[in-house]
Amino acid sequence: MNDDPHGGWPGQDPDPARRPQRPAGPPRRPAGPPPGYGQRPGPGGPQGQAPWQRQGPSQQQPPPRRPQRPPVAPQHEPDLITHHEHNGTADRGYDEPYDDEQYGPETDENGKPILTPAQRKKRRWRRIRRVLLALFCLFVVIPAIAFVITYFAVDVPSPQSVAATQGQAVTYYYADNTEMGKDVPKGGNRHILTPEQIPDIVKKAVIATEDASFETNSGFDIGGILRAVYNQVTAGKGGGSTISQQYIKVASGDDESSLARKWTELAKSFKMNQTYEKKDIITAYLNIIYFGRGAYGIESAAQSFFGKPAGELNASEAALLAGLIQQPGRSENPKVANERWTVALNRMVQNGFLSAADRANLQFPTPIPQEDKQQAGVVNPFIRDKVKEELAANGITDDVYYRGGYKVYTTIDPKAQAAAEQAVADGMKGQTDENLLNALVAIDPKTGGVKAYYGGPSIVKGPNGKDQKGRDWANTPQNPGSSMKPFDLTAYMQLGKGGINSTFDGSNNRQFGKQTIRNAGPGSTCSQQCTVSEAMQRSANTVFYDMVVNVTKPGPVAQAAKDAGVKPAPDGSSELFADNNIALGGGKTVITPEDMAAAYATFAGDGQRRDKHFIVKVTNSQDEAAYSAPEEAKPAFADDSDKSKQIAGNVTESLKGVIPFSKLKCPNNHECAGKTGTQQHTYRPGEPASAKDANSQTWMVGYTPSISAAVWVGGDGDKALKGKNGKSIFGSTIAGPIWQKFLSLYLNGKPGERFDKVKIIGGDDSNTVPSTQTPPDDDEGSTETSTPSTGPSTGSSSSRNEEDPPSSSKNPPTSSENNEEGGNGGPPGRGGRGDTE
């Protein structure tokens, strides 16, 4: 009976689309018909044997195989109610194998073929071969083709063409864009020498120092390149450039750190070695390389350093010039020059160019004094040197300085510079002591730009009577004396120990261990409850020595000076030595006038430190920007700007009263603040009695809200200086009036200005503003104390009292004298005696 409601013939599926469908899945292996399908038992054969498999005379061989077709499921009877879905089973379908375990899957779960171990190994090696072939093409074939193309596309410049670009003057401009002057290279009229005109010893010295493989390499040294890469990775020193590569770099004027530049340089240096002989290559190199002193080429260098032609150079002189090629900008530094000379000689011995015996007999060749005649239209050499130093730190090094046709726009204000020079000239009128020297630096607190820079006379007479370059005293460190005391106070407030209304014992002759510290007499002594503000005005040594030794300790004082802008070596020329002597600006602590101006500018600038700089911007010969100076500011004395401003403002409050107390005046309608300082001369047997009370260095450092200026008047080393009246000089006698005159001239006609008020730190009443003390009527300098130079003690215990050295017996005793800017001494030499060599 047909139960299908749709009707249909028995055995016919009325609606094939209604059959249950097998869920979709990965492709399955086609399955054959179920066992027994299409098979029947035959005589003598097992059930299921195919007809051609049965034995018979006419069926001994199976029929030829034919292409297999997918099996077709036979028609079957219609499902009954007892079948499949009705009895709980699923329709298996004829396209599924009956036993997966019997056949096994041939693909993984992702449908990829499953390989045998042999197949996997074969595929792995095939991939490795392909990768190696790709790498070979990438790193060998393609670069080789590119190198050949580059080789034929580039040219090697001649020394004559290079020399024509190395004599370009650098033009300097004031801050108002008016021309300051030009810096003209000295080697502009040099000669291009032939190989025969350059001694072999010069060539050998340069080869040994710069490129030991020069005679055998093809323009580049693979080992040197690998060493250079290793040094860059490990932060080591030393490059891998050959002499040929250095020639190409100088000739092209391109020192960019890029692969394209290096690639072209390698191609040119290789081509140079294929085109020219080695003697011509080393000669070309020596005709264009920079040696220092503005000298390009060996002939110009020989004249500049030794006053002779290159053909007369000896082994020692050749070694010095060869050594200076790597550091030409430091050719005037005796230590660096000696080190480079030693390196060159040692490498000459290693390469067999010089015997050890001859090496031992050579003496360092002292260069002749550098002539630097300043003529009309030529920029001040001290300003030029500071600009070049700043340029070198920002990528425009000394060897390319004369090659870009640069225009340097400086921060120097022509009015300020003229005021500085006039103030110094007026202040030195009538002085008869030939040992008196001076310097003045002024800085804008709002930008950090140097407005005026005077380092003394730029041209002086040498021992032979010839003009030679003078010493820049604005960049020479000296003991600051009591001008260091604002940093004592800064550290005191930074540590939260108190403020300007805190009190200390300001009485005279106080004992600190074995050391007795004295004030400078009645004018510098205050009570046992002396406020810090009054102690700053009177320059009471006992208060600040007590503050540093017993409260802040020396380390934070040195840090406070750094925070303000003092740059110790190696970044700068100053030195901050953290022992007890730093409290009164003596000992090994020495600071340059430019650093003092910069540090006090931070007090004037509301506690915001701006790095001092001489450059606004630099353009090249095409008026394209080559460098622009950043003017970033950050809090100096605390992480918080308001707290840093409060500390700086409190220092300013304590320094306001120093001005009238030192018998100085602020410019009309301008508030000002500042501090004097003095370093005492060390009396030596045989000197006149007047030398016992003499001083060797004096300071006046101060500021308004718009300008900070440091004035130094002193001697070259520890010399007993005298004023025009034959008496000792102090910070308030020559340096102070120069400072006052400069501010008066510079600020004349400018709007009046006052300091911002801040909350007072320290004391019982934190809002009390300190009052200004009335200056005494005694002789000039009686309001100050002096920081004595150190040396053997020759006075009584009451006038020169010993101090236990904090760390070493080499530290000399600290003492104070009844002169000015009280302080303590330091060791002989650079520190306490003012010797800056």
### Task
Give every residue pair that meets the disulfide bond (SG atoms under 2.5 Å apart) criterion with at least one member in residues 634-672, sequence neighbours excluded.
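The answer is C666-C672.
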### Query
What residue pairs, at least two apart or across chains, pass disulfide bond (SG atoms under 2.5 Å apart) with a residue in residues 694-729?
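Listed once each, the pairs would be none.
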### Task
Applying side-chain contact (heavy atoms from CB on, under 4.5 Å), name anything that partners A420, two or more places apart in sequence or on another chain.
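If we apply the side-chain contact (heavy atoms from CB on, under 4.5 Å) test to A420, skipping adjacent residues, the hits are L440, A452, F742.
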Which heavy atom of [X] sits nearest to which heavy atom of [Y], and what is that distance?
X	Y	result
A648	G607	CB-N, 3.4 Å
G506	T525	O-CG2, 3.5 Å
A583	K485	O-CG, 4.1 Å
A636	Q494	O-NE2, 4.4 Å

I'd like to check [X] versus [Y] (side-chain heavy atoms, cut-off strictly below 4.5 Å). Are they in contact?
X	Y	result
M596	I591	yes
W712	M700	no
D716	L437	yes
T676	W699	no
F487	V651	no
L747	N669	no
M536	L655	yes
D611	R609	yes

Test of understanding: with salt bridge (charged side-chain N to carboxylate O under 4.0 Å, His left out), list the residues that count as partners of [X], not counting sequence neighbours.
X	answer
D756	K645
D546	R510
K386	E389, E594
E687	R684

### Message
Whether K692 engages the ring of Y683 as a cation-pi pair (distance to the six-membered ring centre under 6.0 angstrom, angle to the ring normal within 45°) should be assessed.
### Response
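Satisfied, under 6.0 Å and within 45°.
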So, taking the atom named [atom1] in [X] and the one named [atom2] in [Y], what distance separates them when rounded to the nearest 0.5 Å?
X	Y	atom1	atom2	result
S744	K665	OG	NZ	10.5 Å
K643	S641	NZ	OG	13.0 Å
D444	D413	CG	CG	9.5 Å
N581	L584	CG	CG	8.0 Å
C526	F504	SG	CZ	11.5 Å
S507	N509	OG	CG	8.5 Å

Are any side-chain N or O atoms of [X] and backbone N or O atoms of [Y], one a donor and one an acceptor, separated by less than 3.5 Å?
X	Y	value
D595	K567	yes
R610	P445	yes
N435	G715	no
S728	D693	yes
D433	G723	no
N695	Q697	no
N519	T542	yes
N650	K759	yes
D606	Q608	no
S533	I500	no

For [X], enumerate each residue passing the side chain to side chain donor-acceptor pair (under 3.5 Å) test, keeping only those at least two apart in sequence or located in another chain.
X	value
K562	none
D488	none
H613	none

### Message
Using the rule given for side chain to side chain contact (heavy atoms under 4.5 Å, CB included), can you reason through Q679 versus Q478, listing the C-alpha separation, both sets of side-chain angles and the distance that settles it, and then say yes or no?
### Response
CA-CA 9 Å; Q679 170 76 7; Q478 311 284 358; over 6 Å; no
### Message
Please evaluate residues F382 and Y453 with respect to the criterion ring-ring contact (aromatic ring centres under 6.0 Å, His included), reporting the C-alpha separation (whole Å), side-chain torsions for both, the decisive distance (0.1 Å), and the verdict.
### Response
CA-CA 8 Å; F382 296 150; Y453 191 88; 7.3 Å; no
Hydrogens and angles aside, do [X] and [Y] bring a side-chain donor and acceptor to less than 3.5 Å of each other?
X	Y	value
T652	Y703	yes
Q529	T503	yes
E753	S706	yes

### Task
Please report the C-alpha distance between V441 and N475 in whole Å, then the side-chain angles of each, then the deciding distance to 0.1 Å, and finally whether the side chain to side chain contact (heavy atoms under 4.5 Å, CB included) criterion is met.
CA-CA 10 Å; V441 181; N475 190 35; over 6 Å; no
### Message
Would you say that more than 12 heavy atoms from the other residues, nucleotides or ligands in this model lie under 6.0 Å from the NZ of K446, or not?
### Response
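Yes, because the 6.0 Å sphere around NZ of K446 holds more than 12 heavy atoms from other groups.
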### Query
If you count the non-hydrogen atoms of other residues, nucleotides and ligands that lie under 6.0 Å from CG in N550, is the total more than 12?
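Check passes, neighbour count above 12.
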### Query
Do K675 and S482 pass the side chain to side chain contact (heavy atoms under 4.5 Å, CB included) test, and can you show the C-alpha distance, the side-chain angles, and the key distance before you say yes or no?
CA-CA 7 Å; K675 189 73 187 76; S482 286; 3.8 Å; yes
Considering only distance and modelled atom types, tabulate donor-acceptor pairs under 3.5 Å from the side chains of residues 421-432, sequence neighbours left out.
from	atom 1	to	atom 2	distance (Å)
E421	OE2	Q417	NE2	3.2
D426	OD2	K741	NZ	2.6
Q431	OE1	K724	N	3.0

### Message
Taking the ring of F603 and the ring of F755, is the distance between their centroids below 6.0 Å?
### Response
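No, the ring of F755 stays outside the 6.0 Å limit from the ring of F603, centre to centre.
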### Message
For I707 and L743: C-alpha separation, side-chain torsions, deciding distance, then whether side chain to side chain contact (heavy atoms under 4.5 Å, CB included) applies.
### Response
CA-CA 8 Å; I707 195 73; L743 290 185; 3.4 Å; yes
### Task
Considering only NZ, NE, NH1 and NH2 on the basic side and carboxylate oxygens on the acidic side, decide whether E575 and K588 come within less than 4.0 Å.
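Looking at K588 together with E575, the answer is no, because their closest N to O distance does not fall below 4.0 Å.
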Could you list the donor-acceptor pairs under 3.5 angstrom formed by side chains in residues 552-560, with sequence neighbours left out?
from	atom 1	to	atom 2	distance (Å)
K553	NZ	V549	O	2.9
Q559	NE2	D563	OD1	2.9

